[in-house]
There are 2 protein chains.
Amino acid sequence: MDAMLDTEGKETSATHGAYRRLRDMILTGELPPGQKLKIEQLRGLLDTGASPVREALSLLTSDMLVERIDQRGFRAAPVSKCNFEEILLLRCNLEETALRASIANADATWEDRLVLRHHHMKKASHNGAHNFEDAHKAFHMALLDNSKLPLLLRYCSQLYDLNIRYRYLAAGGSSYKKRDITAEHQQILDAALDHDADSATRHLIDHYRRTGEYLSSQMET
Amino acid sequence: MDAMLDTEGKETSATHGAYRRLRDMILTGELPPGQKLKIEQLRGLLDTGASPVREALSLLTSDMLVERIDQRGFRAAPVSKCNFEEILLLRCNLEETALRASIANADATWEDRLVLRHHHMKKASHNGAHNFEDAHKAFHMALLDNSKLPLLLRYCSQLYDLNIRYRYLAAGGSSYKKRDITAEHQQILDAALDHDADSATRHLIDHYRRTGEYLSSQMET
DNA sequence: ATGTCAAATAATATCGATATTTTTGGAGCA
DNA sequence: TGCTCCAAAAATATCGATATTATTTGACAT
């Protein structure tokens, strides 16, 4: 009755919208680790009711981006070197499993999808930053999603997001040293298109370990 | 003001209580897979307000025990042989990682904890069923929790719960063929106490694969 | 009979307000 | 000065009611 001023219906439910926006703010560090998340404050920020905010925070709790403290409300999940290293370990383990399964199921439509995602990612790397993050994730998930293992993909996606957060925190989001990430991605793609599981996983894991070491070195003890 | 008739304060918040009870009902099959979960109906069952019910359902969504459908409410997550097999696969992978890390960190207090949990489980196996389930999970999680990898433990716990559900569905909860589960547990325990990671993981995975095959054979295509 | 559409019904999503609990800020006392 | 305890303030958790959205029902036309 009141709103609907949006020129385009972009979000279905208020809850989902709040979820997406809060998630974004936590991933980018706009809401820093450990910060108390007061309902009223967020209600103002997102201008919506308390119920959608609460529900969004509940969902984020299960993504491990928000912690619920007894009866004392919510806070953005804290970070630590320990936590970062666990994320890296699990990603290497789970993504290897997923990538091998993906390659085992390889077919032409998957290869097409991969090539497309890779192309879009390259194109986006010339443009805006946030845009690139989305395309980067889409490429990495496309590598894995032919495994047809939804639980595994969900975990990979969650861990990817948790990791992204450390990138933003360590470097304001952009430093993300352009190293030779482009070449690394190309190697992974080529190996995947060749159905060479060993080479693809080796390159993928090297890719993670390398950025992992870089970020780890940036972190205080 | 009204309630607080409970002889003992057993649950802190209404939300948490609703979460636990709904989770239980889904795991045991009291709320069967695919069933529509109407707020009003649950509000009656748990006699609490709509907000705690909604929040509990949100949390269960992220445990993958409940699905949220667009703007059409919630339903108990469906089951399938495929889903079961994925759970089995991931459990074998993740629990091996966790168990090896646990053993690598082995110390006396962990060994004591293990022995205790194992003892309690054996004792509970003579008594009530639901009691045993809790003790069984506690033993299995104790095997893993010395890994000190909280994310990994969380995933293992989630997958354990998803699996328990198939046990209840396949066999009304008790058939759980007493096979030689006791001996299997003993072998795992002994290997862990010996710090023999290879033997422990082999026994653990065999344990899962064996019950997995049994349950798989029980399922319709 | 059958398919379509509109009104009625039911269920969800959201809001505003209240009750409970935690935290804060002193006032009184050792 | 430092500590305990109590009152005031703030924040959370929960409730009841409303608006919104899906589903069903039944009348009408084909």
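Here is the naming used below: chain letters follow the sequence lines, and residue numbers restart at 1 for every chain.
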Which of parallel (below 30°), tilted (30 to 60°) and perpendicular (above 60°) describes B/Tyr160 and B/His136? tilted
Nearest-angstrom distance from the residue atom CZ of A/Phe74 to C1' of C/dT21: 15 Å
Quick check: does any side chain N or O of A/Ser62 sit under 3.5 Å from a backbone N or O of B/Ser62, one acting as donor and the other as acceptor? no
Nearest whole angstrom, please: distance from the C1' of C/dT21 to the CD1 of A/Ile39. 14 Å
How would you list all residue pairs meeting salt bridge (Lys or Arg N to Asp or Glu O under 4.0 Å) that involve residues 91-103 of chain A, not counting sequence neighbours? A/Arg91-A/Glu95, A/Glu96-A/Arg100, A/Arg100-A/Asp198
Of A/Gln71 and B/Gln71, whose closest DNA chain C nucleotide lies nearer the 5' terminus? B/Gln71
In whole angstrom, give the distance that lies between atom CG of B/Leu37 and atom C1' of C/dA11. 13 Å
Sequence neighbours excluded, the answer for salt bridge (Lys or Arg N to Asp or Glu O under 4.0 Å) partners of A/Arg23 is A/Asp161
Tabulated below should be each protein N or O lying under 3.5 Å from an N or O of nucleotides 16-18 of chain C; please produce it.
none

With side chain to side chain donor-acceptor pair (under 3.5 Å) as the rule and sequence neighbours excluded, what pairs involving residues 144-154 of chain A come up? A/Arg113-A/Asp145
How many whole angstroms separate atom NZ of A/Lys36 from atom C1' of D/dA10? 10 Å
Who are the salt bridge (Lys or Arg N to Asp or Glu O under 4.0 Å) partners of A/Lys122, not counting sequence neighbours? none
In whole Å, I'd like the distance from the NE2 atom of B/His16 to the P atom of D/dT12. 19 Å
Measure from the ring center of B/His140 to the ring center of B/His207 and say whether it is less than 6.0 Å. yes
If the cut-off is 4.0 Å, is B/Ser13 near the phosphate of D/dT12, judged by side-chain N/O to OP1 or OP2? no
Hey, is the side chain of B/Thr15 poking within less than 4.0 Å of OP1 or OP2 on D/dT14, counting only N and O atoms? yes
Starting from P on C/dC15, measure out to CG on A/Leu46 and report it in whole angstrom. 11 Å
Starting from P on C/dC15, measure out to CD on A/Glu40 and report it in whole angstrom. 12 Å
Does B/Ser157 reach the main-chain N or O of B/Leu153 with its side chain, forming a donor-acceptor pair under 3.5 Å? no
Have B/Asn163 and B/Tyr208 got a donor and an acceptor in their side chains that come within less than 3.5 Å? no
Assign each of B/Arg54 and A/Arg72 to its nearest nucleotide of DNA chain C by heavy atoms, then name whichever residue's nucleotide is nearer the 5' end. B/Arg54
Side chain of A/Pro52, heavy atoms from C-beta onward: which of D/dT14, D/dT21, C/dT14 has the nearest atom to it? C/dT14
Rounded off to whole Å, could you give me the CD-to-P distance for the B/Gln41 and C/dA11 pair? 9 Å
Kindly calculate the angle separating the two end axes of the helix from C/dA1-D/dT30 to C/dA30-D/dT1, each obtained from five base pairs, and round it to 10 degrees. 10°
